[in-house]
There are 2 protein chains.
Amino acid sequence: MTADPAARRGIPDATVARLPEYLRALSSLAGQGIGSVSSEELAAASGVRSAKLRKDLSHLGSYGVRGVGYDVDLLAAEISRELGLTQDRSVAIIGMGNLGRALAAYSGFVTKGFRIVALVDDDPAVVGDTVAGITVRALDDLDRLAAEGLSIGVITTPAHSAQLVCDRLVTAGVHAILNFAPCVLAVPDEVDVRKVDLSTELQILAFHEQRKALASGLGLEEVAP
Amino acid sequence: MTADPAARRGIPDATVARLPEYLRALSSLAGQGIGSVSSEELAAASGVRSAKLRKDLSHLGSYGVRGVGYDVDLLAAEISRELGLTQDRSVAIIGMGNLGRALAAYSGFVTKGFRIVALVDDDPAVVGDTVAGITVRALDDLDRLAAEGLSIGVITTPAHSAQLVCDRLVTAGVHAILNFAPCVLAVPDEVDVRKVDLSTELQILAFHEQRKALASGLGLEEVAP
DNA sequence: AGGTCTTTGTGAACGTGCGCACAAAGTCGC
DNA sequence: GCGACTTTGTGCGCACGTTCACAAAGACCT
Ligand SMILES: NC(=O)c1ccc[n+]([C@@H]2O[C@H](COP(=O)([O-])OP(=O)(O)OC[C@H]3O[C@@H](n4cnc5c(N)ncnc54)[C@H](O)[C@@H]3O)[C@@H](O)[C@H]2O)c1
Ligand SMILES: NC(=O)c1ccc[n+]([C@@H]2O[C@H](COP(=O)([O-])OP(=O)(O)OC[C@H]3O[C@@H](n4cnc5c(N)ncnc54)[C@H](O)[C@@H]3O)[C@@H](O)[C@H]2O)c1
């Protein structure tokens, strides 16, 4: 049954999370006209160790040539296929505030196989506006959008509305959600939610800053035992 | 020497990454006037299992009361202290484009102990503008800012400028950087870089979408063996 | 064609993180 | 004051991820 012993079924999550970075590095190399790259070079460009890179790539098959390295275009195509980027995916952004507008105006997705097909808001003052060449639609249009094959929903509403919007997306049949609101979303098992949180990142940085400060000049605020 | 056997030295990274979420859940509870919470309840509000939550909290000491739970305010204070949020940290945002402006306008940091002290851009047409009540400064001002105790740098410039900006920040003495540009930054060991990447998140979602699609209707595009 | 040299792919050791399950500890009712 | 009940804190085993180190595989030179 398992026809391909090397790869099939089950690429580790940690590996999947790094594939986009490899893909970006490969695109950059291709743009410089470089056709072949070693694991050492690609790893450096991706910010990982070469052993890790090789093990990651081994999960999707044997596309390298020993003594030479990897063909840039071939490897990029292979990673794209594995990530499911060969077929374009449509994205809707819900919440046309500061962040939602910035995302809508961002051209970085489009080149990567993501197409923003809809912008949504519930504020009547915003609905009908044109942002980045797209007319903002009302929340009720979500069901219609899903029927048209919406693949991913991006939530950029305030936290108190996020669960509501999430529920609408799920009901409409969306199985992949990217959440920018600082809250946890409850979803059925079959739905995939990823969260991006600014404050969390800053707080993690703050922790390491403090740790460094404590390590260098220890015992500054210790007054009494 | 190691006075406190329970906690001191070495909170796992995975735990640190979850502490901000616990803190947010606690803030929410405090806002509802709730003074005490069990690990089960707090875990549910944070989107984790209660055993994981308890183990995480055990790394910073014993602040729970058996048979009762945790004091909301006490625990929040303790986590804040551990994360180094008791002392305010100043943040500079470099790159006043779509994303940089959205971040500057965002009020979510301020309440968490982060203070945006400077906005920076290298475009003469942008320098001098007022964004979110702050005057945009030139890139050369970075050194002066660092001298004033700048703690964290946020990079929201295009990718091709990110390394340059990063180098300026490092030279100026900044040891914590949050990077939104889609590229890897080279920094000395003592500098901490975290990256937030939209496209990566979407690509990971796409991978799981594809996997689900393959699992349900298998062998759709298999034509010949 | 044979030898050398480079680089891949991977087995094995190691470290980290996670979940279960339970004993210890403290509360609350009586 | 005592017993039953609740909830914490943690020891243990397992799964996952990372790193090392090397044998196998192929390119390139002569
Ligand atoms: N702006 C940032 O830099 C930033 C950073 C980190 C996190 N966030 C988070 O991202 C979210 C959006 O931030 P923002 O600054 O853009 O906020 P914002 O207030 O500028 O925009 C929110 C938008 O969502 C719309 N909205 C509200 N409820 C809605 C609903 N039920 N359905 C559809 N649309 C609805 C509002 O009309 C508004 O246009 C917030 O949750 C915020 O915490 C923002
Ligand atoms: N906008 C988004 O939603 C989004 C999403 C994901 C990632 N990003 C990334 O974030 C970055 C910024 O995105 P954006 O949409 O705001 O771009 P943008 O082009 O709107 O803004 C970039 C800003 O950086 C300034 N800048 C350029 N070089 C600089 C330098 N050397 N020093 C200081 N300032 C400099 C420019 O003057 C400009 O104001 C990009 O790297 C982009 O890939 C953006």
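Basis for what follows: all heavy atoms, side chains included, without hydrogens, waters or symmetry-related copies. Quick note on labels: first sequence line is chain A, next is B, and so on, each numbered from 1.
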For this session: Starting at atom NZ of Lys52(B), determine the distance to atom P of dA15(D), rounded to an integer number of angstrom.
Result: 17 Å
Exercise. Of the non-hydrogen atoms in Ala181(B) and Ala159(B), which two are nearest, and what is the gap between them?
Worked result: CB-CA, 3.9 Å
For this session: Give the rounded distance in Å between these two atoms: CD of Glu40(B) and C1' of dG9(D).
Result: 14 Å
Problem set entry | Upstream residue (5' side of DNA chain D) when Leu57(B) and Arg54(A) are each assigned their closest nucleotide | Leu57(B)
For this session: Count the heavy atoms of every other residue, nucleotide or ligand shown that sit under 6.0 Å from CZ of Arg168(B), and state whether that count exceeds 12.
Result: yes
Problem set entry | Nearest-angstrom distance from the residue atom CG of Asp56(A) to C1' of dC16(D) | 13 Å
Problem set entry | Nucleotide nearest Tyr70(B) when distance is taken to its side chain, options dG9(D), dG9(C), dG17(C) | dG9(D)
Exercise. Is the shortest side-chain N/O distance from Ser39(A) to OP1 or OP2 of dT8(C) below 4.0 Å?
Worked result: yes
Exercise. For Tyr22(B) and dT8(D), what is the distance between atoms OH and C1' respectively, to the nearest whole Å?
Worked result: 15 Å
Seminar exercise, completed: Rounded to whole Å, CD1 of Ile11(B) lies from P of dG17(C) at a distance of 12 Å
For this session: If a pair satisfies side chain to side chain donor-acceptor pair (under 3.5 Å) and one of its residues is in residues 180-192 of chain A, list it, with sequence neighbours excluded.
Result: Asp192(A)-His208(B)
Exercise. Do Tyr70(A) and Leu57(A) come close enough that some side-chain heavy atom pair is under 4.5 Å?
Worked result: yes
For this session: Please tell me if the side chains of Leu53(B) and Glu40(B) come closer than 4.5 Å, counting only heavy atoms from C-beta onward.
Result: no
For this session: Any chance you could lay out the side-chain contact (heavy atoms from CB on, under 4.5 Å) test for Tyr106(B) and Ile116(B), step after step, and finish with the verdict?
Result: CA-CA 10 Å; Tyr106(B) 182 51; Ile116(B) 298 178; over 6 Å; no
Seminar exercise, completed: Assign each of Pro12(A) and Ala51(A) the nucleotide of DNA chain D bearing its closest heavy atom; nearer the 5' end lies the nucleotide of Pro12(A)
Problem set entry | OP1 or OP2 of dT7(D) under 4.0 Å from side-chain N/O of Ser38(B) | no
Exercise. For Arg49(A) and dA21(D), what is the distance between atoms CZ and P respectively, to the nearest whole Å?
Worked result: 13 Å
For this session: Confirm from the modelled atom types if Lys55(B) and dG19(C) form a donor-acceptor pair under 3.5 Å, side chain to base only.
Result: yes
Exercise. What is the per-nucleotide protein-contact pattern of nucleotides 25-30 of chain D, from the 5' end, where B denotes a base atom under 4.0 Å from a protein heavy atom, S denotes such proximity for sugar-phosphate atoms only, and - denotes neither?
Worked result: B-S---
Exercise. Is any side-chain heavy atom of Leu145(A) less than 4.5 Å from a side-chain heavy atom of Val120(A)?
Worked result: yes
Exercise. Starting at OH of Tyr63(B) and ending at P of dG9(D), how long is that distance when rounded to a whole Å?
Worked result: 11 Å
For this session: Report the distance from atom CZ of Arg18(A) to atom C1' of dC16(D), rounded to the nearest whole Å.
Result: 12 Å
